[in-house]
Protein chains: 2
Amino acid sequence: MPLTLATDLTEDTGFRILLERHGRAIEFASGRTIYGTGDKDSTMMLITKGRVEISRTSIDGRRSILTHLGAGDMVGELAALDGMPRSADVVAATRVQGLVLTRAQIAALLRDNPEAALGVIETLCRRLRETSAMYTAHVLADGQARLARLLLHLAEKWGEPMPDGRRRLSEKFSQSDLGDLVGLTRESVNRQIREWEQAGIVMRQGRGLVICDLAALLCVAGAAE
Amino acid sequence: MPLTLATDLTEDTGFRILLERHGRAIEFASGRTIYGTGDKDSTMMLITKGRVEISRTSIDGRRSILTHLGAGDMVGELAALDGMPRSADVVAATRVQGLVLTRAQIAALLRDNPEAALGVIETLCRRLRETSAMYTAHVLADGQARLARLLLHLAEKWGEPMPDGRRRLSEKFSQSDLGDLVGLTRESVNRQIREWEQAGIVMRQGRGLVICDLAALLCVAGAAE
DNA sequence: GCTGCGCTGTGATGCACCTCACAGAAGTCG
DNA sequence: CGACTTCTGTGAGGTGCATCACAGCGCAGC
């Protein structure tokens with residue numbers, strides 16, 4: 001099972017060329033909302049720099065983060081492909097630069113280039129597998145296992161390798177972000193991480209986190225399924 | 001937000017015609033496994049009769065049901081479209097009849113008929129929206145709200161309308177099925193349903209369930225988001 | 001410098017839901 | 001028909017995690 005939610009619509013589908021030729025460059029300051037739930041616009045963006053958070057918020061203000069996407073990932077493709085309203089919020093987690101395509105441009109590409117359509121289908125299939133894997137993971141695994149998986153996933157996607165082979169995840173994610181990513185409170189995340197720290201499984205380094213004992217985390221993560 | 005997980009790849013995409021012309025008829029007895037997680041075959045099936053359950057099971061035997069599909073729905077399209085191993089189990093919940101297409105047949109259709117590809121993309125987008133909605137619902141809503149939503153959804157998809165306008169859900173779903181559909185135990189489902197029965201929101205009728213006070217359920221369901 | 005503000009750490013308390021255990025009811029198959 | 005399996009109903013007790021409350025810490029800005 002792939003560990004990342006990153007879309008890569010760009011590989012071999014003609015999208016990359018289309019974007020580089022016709023994409024409109026755009027930039028967002030950290031914290032700015034890029035797309036909002038319910039919005040009816042239908043552009044998509046290739047992220048060229050920075051990191052973006054995709055989330056939903058319930059009536060009572062609780063937030064669920066679906067994923068974070070970064071350079072090379074596409075964001076907003078759903079609305080761009082099917083023309084329906086946005087189904088989640090997209091917020092710039094850092095300063096973000098990207099290239100924007102409109103629904104019309106994409107539709108034209110798909111009509112003219114059947115190969116591109118096949119690539120899109122493959123990407124959507126991958127996303128669907130990943131999302132439904134997230135769903136069952138959330139139903140079947142407890143908080144500890146979900147957090148372990150999350151750390152492994154984040155370390156792979158965002159972490160830097162360290163000289164000794166361990167992985168370092170720098171100061172990008174607050175404990176409450178981690179909580180919103182796995183459906184736990186900030187306090188629970190804190191207690192779990194401290195426990196792992198005491199057990200030597202992870203280490204705090206400044207504001208960053210280093211995964212020392214990858215095998216142990218894998219073991220916790222794999223306890224269910 | 002649509003309440004059903006049904007795929008309808010058949011609308012206007014040429015699939016229906018292809019299936020009716022080239023699909024191989026097949027039949028499964030109730031309880032038979034149609035596709036198993038990890039299988040490497042890559043056929044898909046249009047269900048013409050009966051009901052199918054899509055689920056995953058964790059190492060320790062806990063089951064999460066993703067959805068039930070019925071006549072007119074496609075099942076197994078992911079593996080057929082992208083050629084990856086099956087990511088869930090598909091089991092016949094009743095006697096099931098269907099028409100089978102192979103990956104090769106689908107690939108040929110998509111190559112020859114760009115319109116079909118657009119239809120597939122739209123369908124996958126819908127599925128992705130629904131699946132990620134399921135995910136956030138599970139993260140943000142409590143068991144009671146999830147069960148309320150489930151009953152509304154099932155009543156709409158599988159229930160028969162009653163003379164007085166209420167909706168009857170007949171004997172298709174055991175309480176432990178309901179639990180596996182929303183991530184609760186059978187006991188919790190039982191207690192919640194009895195509570196609603198006492199409140200006059202639902203009624204047992206033989207093995208069936210009648211939703212008496214739709215508004216009340218909608219209210220419980222909508223408490224979060 | 002001081003003043004906030006967002007993040008982290010930690011205890012006390014509560015509750016939603018699980019687990020286990022068992023009994024009765026209802027289909028089902030010889 | 002009786003034997004068996006599956007489903008339903010219900011209590012007692014446990015627990016994972018939320019909630020609340022508050023204290024310290026580090027950084028940003030005036």
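Everything numeric here is computed off the predicted structure, so don't read it as measured data. Each chain gets a letter, A, B and so on, in the order its sequence line appears, and its residues count up from 1.
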Would you please confirm or rule out a distance under 4.0 Å between OP1 or OP2 of D:dA18 and any side-chain N or O of A:Thr185? yes

State whether a side-chain donor-acceptor pair under 3.5 Å links B:Thr102 with B:Arg24. no

Atom CG of A:Asn190 and atom P of C:dG9 are separated, to the nearest Å, by 5 Å

Has the side chain of A:Arg186 got a donor or acceptor that lies under 3.5 Å from a partner of the other kind on the base of C:dG6? no

I'd like to know if B:Glu197 and B:Arg194 make a salt bridge, using a cut-off of under 4.0 Å between side-chain N and carboxylate O. yes

Rounded to the nearest angstrom, tell me the gap between atom CG in A:Leu140 and atom P in C:dC18. 12 Å

What is the separation between atom CG on B:Leu209 and atom C1' on D:dC7, rounded to the nearest whole Å? 15 Å

Just how far, in rounded Å, is P of C:dC17 from CG of B:Asp142? 5 Å

A:Arg62 CZ to D:dA18 P, straight-line distance once rounded to whole Å: 8 Å

Whole-Å gap separating P (C:dC7) and CD (A:Gln175): 10 Å

Please determine if A:Asp89 and A:Arg63 form a salt bridge, counting it only when a charged side-chain N lies under 4.0 Å from a carboxylate O. no

Under-3.5 Å donor-acceptor pair between A:Arg191 side chain and D:dG16 base: no

base_contact_polar (D:dC20 base, A:Glu187 side chain, donor-acceptor, <3.5 Å): yes

Atom CZ of B:Arg204 and atom C1' of D:dT8 are separated, to the nearest Å, by 8 Å

Touch class at under 4.0 angstrom, heavy-atom based, for B:Gly179 against every strand present: nothing

Test applied, salt bridge (charged side-chain N to carboxylate O under 4.0 Å, His left out); reference residue, A:Asp73; option that passes from A:Arg51, A:Lys157, A:Arg127: A:Lys157

Between C:dG9 (P) and A:Ile193 (CD1): distance, integer Å: 8 Å

